[in-house]
Amino acid sequence: MVIYFHDKEEDTMMNQMNELDALRHSASHVMAQAVKRLFPGVKLAIGPSIETGFYYDFDADTPFITADLEKIEAEMKKIAKENLKIERIELLREEALKLMANEPYKIELINGLPDDAVISFYKQGEFVDLCAGPHVNYTSKVKAFKLLSVTGAYWRGDSANKMLQRIYGTAFANKEALEEHLQRLEEAKKRDHRKLGRELDLFDIYEEGPGFPFFFPKGMVLRNLLESFWRAEHAKCGYTEIRTPVILNEELWHRSGHWDHYKDNMYFTRIDENDYAIKPMNCPGGMLAFKRRLHSYRDLPQRMAELGLVHRHELSGALHGLMRVRCFTQDDAHIFMTPEQIEAEVLDVIALIDRFYKVFDFKYSVELSTRPADSMGSDEQWEAATNALKHALEVNKKDYTVNEGDGAFYGPKIDFHLEDSIGRTWQCGTIQLDFQMPERFDLAYIGPDGEKHRPVMIHRVVFGSIERFIAILTEHFAGAFPLWLSPVQVKVIAITDSHHAYASGVYQALRDAGIRSEIDLRSEKIGYKIREAQLEKVPYMLIVGDKEMESGAVAVRSRKSGDMGSMGTDAFIGMVLKAVLEKALDA
RNA sequence: GCUGGUGUAGCUCAGUCGGUAGAGCAGCUCAUUCGUAAUGAGCAGGUCGCGGGUUCGAGUCCCAUCACCAGCUCCA
């Protein structure tokens, strides 16, 4: 989350944040102390404060269960009541190792500290913990807290290491702030795209196909709108569109390097005694499409887009609604170019992604991901590619963080992250620079010198996956999509049977104007029909009765601001069409 | 995949000590013709995730498995 403040406000805010940080850090120590009292055999790992609270990792012989949280919470309350003084102690390395003789993880941490590091501890009553601080001064300050969950977490975040028990909690300066936070979490649950997708009849995932989503008629309207918008924008930017097969011969995937670096994520099948793979990425198909003929430098850059359906075997525990699925459509494109064109092309894509996200009012963060351990190509190539991306980011004056070792196996990438309703971020857009595939597929173009040259390639997506983007979109707007994206834009509601003919006329006029509409002719009270339309988050309701019939008008009600009074049907249609054309966010 | 938790009607949930499953909403039928967030009555709806086991008897206890949720790992 990006927050902007003015000078003084910023200072106070920073101080408050630091205080809250210290409080939460202390809360994690109090929790560790409580755990130590209740389960003496437990070993301590690490326990930092985090954006929304704190956690502590423990190595326990028997895993904690949910019921343990209550006991631990009760003990924490006792420790707070004891009002222990929290003191800082600095020790020499030897002393520190001696003090932590029974804490193997702490010893590992101490040994990992640089020679000149100050080794500090914080002590409260009988509990001492290796810690850089800062902390609040008394345990009584830790009074508004709640333990939230117990989960597994690998030591040092490495799945090769032992899985520890992590207890998450949150703490605030006072009860009110804590309650407010818990309330907000409840509210956020209502925006969950999995819930809204079902309620609004957009999409769902069934037990019969874990990670393989279904899209229903209204969800398809949304999808198709996103895709048409995408096609129109890409055409403007000089992209062409192709479509490559979902299933291709396994040999292709050996050639591309996917077999060596991505096999575990791929699905395979056999056709007439031959081995085939279901594509997890669109690039190899794109390579073949590019290779269909010889290219001149005059034709470069060549921007070939593809809305490609890919399948990837994700770990069962990683699946998450539409955010992480096992089959999804990437709004992919491969840009083939000369090395001189790299920077301009990367900058263009950065600008394109920025433009797209602004249309939806999305805030995003940027990451540069560098060479992973499992990758192909030479160091020089990787360095050149990484520097090219870095340079583009700097030219663009974009703030970004570096994600070491998180690049694709064929090249470094710039990732664009969007936030879901509870602040988790998801990678959507990405720009990947690739010197490897052109090599592997022996791609070439004829230069001005009449010789063959190797093109460079960019893989890039803007939405990322249509599925994930729809999930983010749903949560961002809490299901109340802006008018231009709403599956149903207008609902005509007749007051009584005698208005049916007139209502149907209005309905037909809307449809003739290309406005996605529904009509409600049921013999229900209008309060009931309005309530239903409101819950369906339809942007506009047109209520028609005697008054409207006489004047040839419609009574407009917006889902946002309620009764807007009556206006001529044509005027309403004009208003809607204008807002749709502008992709207005407040309509 | 790993750790903890949860699976009961389309949805949200109740179901006591093991004694044979219930509500609200949604759906259907009928009545009602109504002016800005719920008209009334009636009907129907369940292999209690799936498979074993214990028991005279299992939604409830045990085992196994699948899916989901939170987190870790991984990723668009």
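Scope of the values below: all heavy atoms of this structure, side chains included, with no hydrogens, waters or symmetry mates. Just so it is clear: chains get the letters A, B, ... in the order the sequence lines come, proteins before strands, and each one is counted from 1.
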Which nucleotide in B:G35, B:A38, B:U33 has an atom nearest any side-chain atom of A:D497: B:U33

Distance, P atom - from B:G22 to B:C28, rounded to whole angstrom: 24 Å

Full working for side chain to side chain contact (heavy atoms under 4.5 Å, CB included) between A:V462 and A:H234: CA-CA 10 Å; A:V462 179; A:H234 281 73; 4.0 Å; yes

Separation of atom CG in A:D61 from atom P in B:U3, rounded to whole Å: 15 Å

Salt bridge present between A:E103 and A:K43 (N-O < 4.0 angstrom): no

Interatomic distance where NZ belongs to A:K525 and C1' belongs to B:U36 [whole Å]: 12 Å

Pair A:D201 + A:K218, salt bridge at N-O below 4.0 Å: no

Integer-rounded Å distance: B:U36 C1' and A:I495 CD1: 9 Å

Note: A:E345-A:R303 ion pair, threshold 4.0 Å (strictly below): yes

A:E306: which of A:R460, A:K279, A:R243 passes salt bridge (Lys or Arg N to Asp or Glu O under 4.0 Å): A:K279

Presence of salt bridge, A:K195 and A:E199, under 4.0 angstrom: yes

Nucleotide N/O of nucleotides 8-11 of chain B paired with protein N/O under 3.5 Å:
none

Electrostatic pair A:R156:A:D158 at N-O distance under 4.0 angstrom: no

Rounded distance in Å between the P positions of B:G4 and B:C63: 13 Å

N-O pairing of A:E180 and A:R184 below 4.0 Å: yes

Contact letters for nucleotides 23-32 of chain B, in which S counts primed atoms plus P, OP1 and OP2 and B counts the base, heavy atoms under 4.0 Å: ---S-----B

Rounded interatomic separation in angstrom, taking CG from A:L542 and P from B:G35: 18 Å

Sugar-phosphate only, base, or nothing, as touched by A:E548 at under 4.0 Å among non-hydrogen atoms: base

Integer-rounded Å distance: B:U36 P and A:D563 CG: 8 Å

Nearest-Å distance once atom P is located in both B:U60 and B:G42: 34 Å

Structure string for RNA chain B in dot-bracket form, Watson-Crick and G-U at under 3.5 Å, | interchain: (((((((..((((.....[..)))).(((((.......))))).....(.(((..]....))).))))))))....

Sugar-phosphate, base or nothing in reach of A:K547, heavy atoms under 4.0 Å: base

Atom pair distance, as rounded to whole Å: CZ in A:F64 and C1' in B:G4: 12 Å

B:A26 and B:C11, which share atom name C1', separated by this distance in whole Å: 7 Å

Base versus backbone protein contacts along nucleotides 67-76 of chain B [heavy-atom cut-off under 4.0 Å; B, S, -]: SSSBBBBBBB

C1' gap between B:C13 and B:C2, integer Å: 31 Å

cation_pi(A:R24, A:F54) dist<6.0 Å, angle<=45: no

Touch class at under 4.0 angstrom, heavy-atom based, for A:A533 against every strand present: nothing

Salt-bridge contact A:K529-A:E518 (side-chain N to carboxylate O under 4.0 Å): no

A:D420: side chain to side chain contact (heavy atoms under 4.5 Å, CB included) partners, not counting sequence neighbours: A:M323, A:I422, A:R424, A:W426, A:E475

Whole-Å gap separating C1' (B:U33) and CD1 (A:I526): 12 Å

C1' spacing across the pair B:U73 / B:U3, given as an integer number of angstrom: 12 Å

Residues forming a side-chain hydrogen bond (donor to acceptor under 3.5 Å, both in side chains) with A:D546, sequence neighbours excluded: A:H499

Sugar-phosphate, base or nothing in reach of A:I530, heavy atoms under 4.0 Å: base

Whole-angstrom distance between B:G51 and B:G59, as gauged at atom C1': 16 Å

Pair A:Y105-A:D57, side-chain donor/acceptor within less than 3.5 Å: no

Pairing of A:K189 and A:D192 as salt bridge, 4.0 angstrom limit: no

Distance under 6.0 Å and angle within 45° of ring axis: A:R557 vs A:Y540: no

Atom C1', compared across B:A9 and B:A44: separation rounded to whole Å: 11 Å

For atom CG of A:L148 and atom P of B:G4, their distance in whole Å: 19 Å

